[in-house]
Participant: 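Dropping a structure here in structure tokens format, bear with me for questions.
So that the names make sense, note that chain A is the first sequence line, chain B the second, and so on, each numbered from 1. Computation of the quantities below employed the complete heavy-atom set of this structure, encompassing side-chain atoms and omitting hydrogens, waters and symmetry-equivalent molecules.
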Protein chains: 2
Amino acid sequence: MKLRIFVTLKPGVLDPQGRAIHHALGSLGFAGVDDVRAGKLIEMQVADDTDDAAIDAMCRQLLANTVIENYRVERA
Amino acid sequence: MKLRIFVTLKPGVLDPQGRAIHHALGSLGFAGVDDVRAGKLIEMQVADDTDDAAIDAMCRQLLANTVIENYRVERA
């Protein structure tokens, strides 16, 4: 089973990487960009019998820092 | 208009971050993980009249290194 896990900063958490991208896009002449947030995408191939609880535990224990980040799991 | 841009390493490109995650999941006792690839997710708020060519240019010039990375744009 293929998993795609999206890890994004919670709203309100400062995102220096996103700001740097925003600034760089402006410098390159791209207008109309309002806001940029940078996150992570983790693609995983796991055994088909991996249950939701295990996937959730992976996210909470390793992949996301739930103090400042949200995560979303998509099965492909 | 909200954009979500997924930047992933091309197949065959070495992914040390993915390997580190894979190894760490094993150390934490999660079995059945076969492969892990780490990528980037960039969420952007852009003007509604931003055309595809501009979005493509942003990706090619700044967001992705097309030598080693693929990108995919999703409009939300």
Participant: Can you confirm whether Arg19(A) is buried at CZ, in the sense that more than 12 heavy atoms of other residues, nucleotides or ligands lie under 6.0 Å from that atom?
Facilitator: no
Participant: Could you name the residues of residues 40-50 of chain B that have a heavy atom within less than 4.5 Å of a heavy atom in chain A?
Facilitator: Lys40(B), Leu41(B), Ile42(B), Glu43(B), Met44(B), Gln45(B), Val46(B), Ala47(B)
Participant: Which one, Val36(B), Ile5(B), Val7(B), leads in non-hydrogen pairs under 4.5 Å with chain A?
Facilitator: Val36(B)
Participant: Do the side chains of Ile68(A) and Tyr71(A) join up, straight or via other hydrophobic residues, at under 4.5 Å, putting them in one cluster?
Facilitator: no
Participant: Measure distances from Leu63(B) to the heavy atoms of chain A and classify the residue's part below 4.5 Å as side chain, backbone, both or neither.
Facilitator: side chain
Participant: What closest approach, in Å, do Phe30(A) and Ala54(B) show between heavy atoms, and which atom pair accounts for it?
Facilitator: CE2-O, 3.7 Å
Participant: Atom CZ of Phe6(A) and atom CZ of Arg4(B): how far apart are they, to the nearest 0.5 Å?
Facilitator: 5.5 Å
Participant: Can you tell which of Ile21(B), Asp35(B), Leu3(B) has the highest number of heavy-atom pairs within less than 4.5 Å of chain A?
Facilitator: Asp35(B)
